[in-house]
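Written below as structure tokens is the structure these notes are about.
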There are 2 protein chains.
Amino acid sequence: MVSIRDISIKCGVSVSTVSKALNGYKDVSEETRRLVLKTAKELGYVPNAHARALKTNRTFTLGILFVDDQNNGLTHLYFSHVLNSFKSEAEENGYNITFIHKRWGKQIITLLQNCKFRGIEGVCIACVEPNDPEVQELAKSDVPVVSIDYIFPGCGCVLSDNRNDMAELVRYVYSMGHRKIAFIHGTDSYVTQQRIEGYVSTLRELGLEVRQEYMLESLYTNPYTTKKATEKLLQLEDRPTCILLPDDVSAFGAIEAIQEAGLKIPDDISIAGYDGVIYSRLISPRLTTVRQDTDKIGREAAKLLIYNIEHPQNPKLEPIIVKGELLTNQSVGLV
Amino acid sequence: MVSIRDISIKCGVSVSTVSKALNGYKDVSEETRRLVLKTAKELGYVPNAHARALKTNRTFTLGILFVDDQNNGLTHLYFSHVLNSFKSEAEENGYNITFIHKRWGKQIITLLQNCKFRGIEGVCIACVEPNDPEVQELAKSDVPVVSIDYIFPGCGCVLSDNRNDMAELVRYVYSMGHRKIAFIHGTDSYVTQQRIEGYVSTLRELGLEVRQEYMLESLYTNPYTTKKATEKLLQLEDRPTCILLPDDVSAFGAIEAIQEAGLKIPDDISIAGYDGVIYSRLISPRLTTVRQDTDKIGREAAKLLIYNIEHPQNPKLEPIIVKGELLTNQSVGLV
DNA sequence: CTGAAAGCGCTTACAG
DNA sequence: CTGAAAGCGCTTACAG
């Protein structure tokens, strides 16, 4: 590897001068600068990020914490889209992306230690169990953190507007004539709570009764559990005319249960998904769903994190709320 | 940040001794070692990876190059699964994962420079345009490279067994009585070539004619182009009884075209996908498809890359071929 | 078993 | 405008 030293020898100037020329300081003569730059190019010089980091304490590296119970953060449709745009935005701003984990060689270390050790300047937390003590420790540390779809006190966050988007969905379903609207929601989380609030408050607002037997829980992105929940709803004496589901993938389970019960969508019963992944509009029946704006969510998260890294004195901590879009389709019929 | 220096002062020993104690060298007395370790813990010492990298020239960091034309490597179902297992395997071996890109601050640099600069020890190339000169430069450089589903001369690679898996699929379709088997394949690539070879050679092996009008091209994971191609096939005078598609997502386009033509799957015509993403088994009609073993592909790629990094003298360069699994289902009917 | 010293590649006051 | 010097935090021959 050619170093600044090699350039200095070849050019007959000091390493200080080479460094200054390379970094665009003004107190270097135009002539010297040109010579240094030319020589650097000839020699194929590449600066050493570690030496620089050691000296300047800056790494321009953002960490991603992206693990969930099923260890499938990256294959999660929603989060992989968010990560994709987070990555683009970060790279466009000259930052690198890396993953945070608990290993250091053969040892297990904490997530915070991993960040410190590697000089990670800020972390985006998504798709993790927020009550994990190590995640808490990280969120409370001096490392800037931005979370997605969850609020850590004292940290920036970007939230998909679940409460209002859900409300809009319920209002739409109501406008189609439905009065018996069930909601199979995911397991407890900030997102789930927001959606339940949106669901419950809108029913009340519309003068509809909130019926406990119409609110069931299943796992996110797991059609098998949704199928079971749907079967329960179908067996009710006074069964719903529309079922709202945790997400588009789990909607497959509902479709299956409904078909096996000999019912047709939307003639006999309506359903709606959530997420708006492309496939939901391809399957038959085409799903009414809420498209979350993953591109914006990821980009806003990256911008916010970088801002907070570069403005440690007055970081932005107010939640950034990103509106989704209602995609109406044939799976919700007129009653 | 507490450094080795702080520990040495607190313990009254030299930094050399602290370093040795911390790194488990044997030439340190048991007593000193214990004192150092205890003090390090008390002080909350975290080593500095950059200082170490500067000295040892090792970063334990693997790069991922994961961009394609549509800039959606991460949201690509197949590749996001591969990445997920690559990441798990790498981390279990004490390596970090980061993404390679072309930026350095405000400057644009080459992919190779990005690797050199950041001390990346090896790169996994997947889901990129292999003819990109910068990718070529990287593959030819002294940075160890492992590619997925593509062969760079002189580099390790992991290949999904497209040729044989495709052959198996064709044989299965044949065994169901089909003799007019069309293949809508993706755009030209190593993977596409392998699948076409598997398709053509198996037809010949089975004594079937290879008909040009049964071989059409569409984009991968793009149902709109597949729909168009399927429509063409349906308009043929002597139309196929089974259509093989580029992947499960694009199969949605075929399903739509077939339904719009008033035909039923599998009664009137059969179809098969490729990839075996979970959703393909959920939609109706349930897709016959080939599940690629993404978990194994990712893990083998990580193992291979790490092996080649740690054995620069005799790296493993023979392709590792990972067999897929035929998933038969109702979308292919008996003729 | 312990420690002084050199050095990895860079940046940055500071003196001239 | 230029350069000598110190130092970021660590590791590692080498001498004792």
Side-chain angles (χ1 to χ4, degrees), chain A residues 1-37 39-40 43-61 104-105 107 109 113 115-121, chain B residues 1-37 39-40 43-61 104-105 107 109 113 115-121:
Chain A
M1 289 297 323
V2 13
S3 76
I4 222 175
R5 179 110 236 281
D6 302 314
I7 301 176
S8 89
I9 293 170
K10 186 105 185 265
C11 292
V13 298
S14 73
V15 290
S16 328
T17 303
V18 172
S19 174
K20 285 180 205 159
L22 252 24
N23 288 301
Y25 282 55
K26 302 127 194 279
D27 58 344
V28 177
S29 74
E30 190 48 37
E31 195 185 359
T32 309
R33 175 201 315 292
R34 256 204 287 272
L35 177 61
V36 167
L37 260 35
T39 311
L43 263 39
Y45 170 75
V46 181
N48 181 315
H50 300 288
R52 187 177 289 181
L54 185 56
K55 189 66 192 167
T56 63
N57 237 338
R58 294 229 49 189
T59 61
F60 294 94
T61 298
W104 164 243
Q107 297 174 50
I109 60 178
Q113 283 176 319
C115 292
K116 293 284 192 185
F117 181 90
R118 297 166 62 197
I120 286 162
E121 298 199 42
Chain B
M1 289 297 322
V2 12
S3 76
I4 222 176
R5 179 111 236 281
D6 302 313
I7 301 176
S8 89
I9 292 170
K10 187 105 186 264
C11 292
V13 296
S14 72
V15 290
S16 327
T17 302
V18 173
S19 174
K20 285 179 206 161
L22 252 23
N23 288 300
Y25 282 55
K26 303 126 194 280
D27 58 345
V28 177
S29 74
E30 191 47 38
E31 195 187 358
T32 309
R33 176 201 317 292
R34 258 204 285 271
L35 176 61
V36 167
L37 261 33
T39 311
L43 263 39
Y45 170 75
V46 181
N48 181 314
H50 300 289
R52 187 176 288 181
L54 185 56
K55 189 66 193 166
T56 62
N57 237 338
R58 293 229 51 189
T59 61
F60 295 94
T61 298
W104 163 244
Q107 297 173 49
I109 60 177
Q113 282 176 320
C115 292
K116 291 287 191 183
F117 182 90
R118 297 166 62 198
I120 286 161
E121 299 201 43

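Residue numbering restarts at 1 for every chain, and letters A, B, ... go by the order of the sequence lines. This one's a predicted model, so the numbers in the text were calculated from it and none came from an experiment.
Between B/Ile7 atom CD1 and D/dG9 atom P there is a gap of 12 Å when expressed in whole angstrom units.
B/Thr56 has no side-chain polar atom (N or O) that falls below the 4.0 Å cut-off from OP1 or OP2 of C/dC8. Taking only side-chain nitrogens and oxygens, B/Arg52 comes nearer than 4.0 Å to OP1 or OP2 of D/dT11. Listed pair A/Asn48 / C/dC8 fails the phosphate criterion, with no side-chain N or O lying under 4.0 Å from OP1 or OP2. For B/Ser29 and C/dC1, the shortest distance from a side-chain N or O to OP1 or OP2 is not below 4.0 Å. Listed pair B/Ser19 / D/dT11 meets the phosphate criterion, a side-chain N or O lying under 4.0 Å from OP1 or OP2.
More than 12 heavy atoms of other residues, nucleotides or ligands sit less than 6.0 Å from atom CZ of A/Arg58.
Backbone-only contact: B/Ser3 has heavy atoms under 4.0 Å from sugar-phosphate atoms and none from a base. Nucleic acid contact for A/Thr17: base, since at least one base atom lies under 4.0 Å from a heavy atom of the residue. Among the protein residues, B/Asn57 comes within range of no part of the nucleic acid, since none of its heavy atoms lies under 4.0 Å from any strand. Within the nucleic acid shown, A/Tyr25 comes within 4.0 Å of sugar-phosphate atoms alone, with no base atom in reach, counting heavy atoms only. Base engagement by B/Ser16 is indicated by at least one non-hydrogen atom pair under 4.0 Å involving a base atom.
Across all non-hydrogen atoms, the minimal contact from A/Val2 to A/Tyr45 is O-CD1, 3.3 Å.
Using a cut-off of 4.0 Å between Lys/Arg side-chain N and Asp/Glu carboxylate O, A/Glu31 and A/Arg34 are scored as not salt-bridged.
Across all strands shown, C/dT2 is found opposite D/dA15 as a Watson-Crick or G-U wobble partner, with both distances under 3.5 Å.
Between the side chain of B/Lys20 and the base of C/dG3, a donor-acceptor pair under 3.5 Å is found. Within 3.5 Å, no donor on the side chain of A/Lys55 pairs with an acceptor on the base of C/dG9, nor the reverse.
Between A/Trp104 and B/Phe60, the two ring planes are perpendicular [angle over 60°; tilted spans 30° to 60°].
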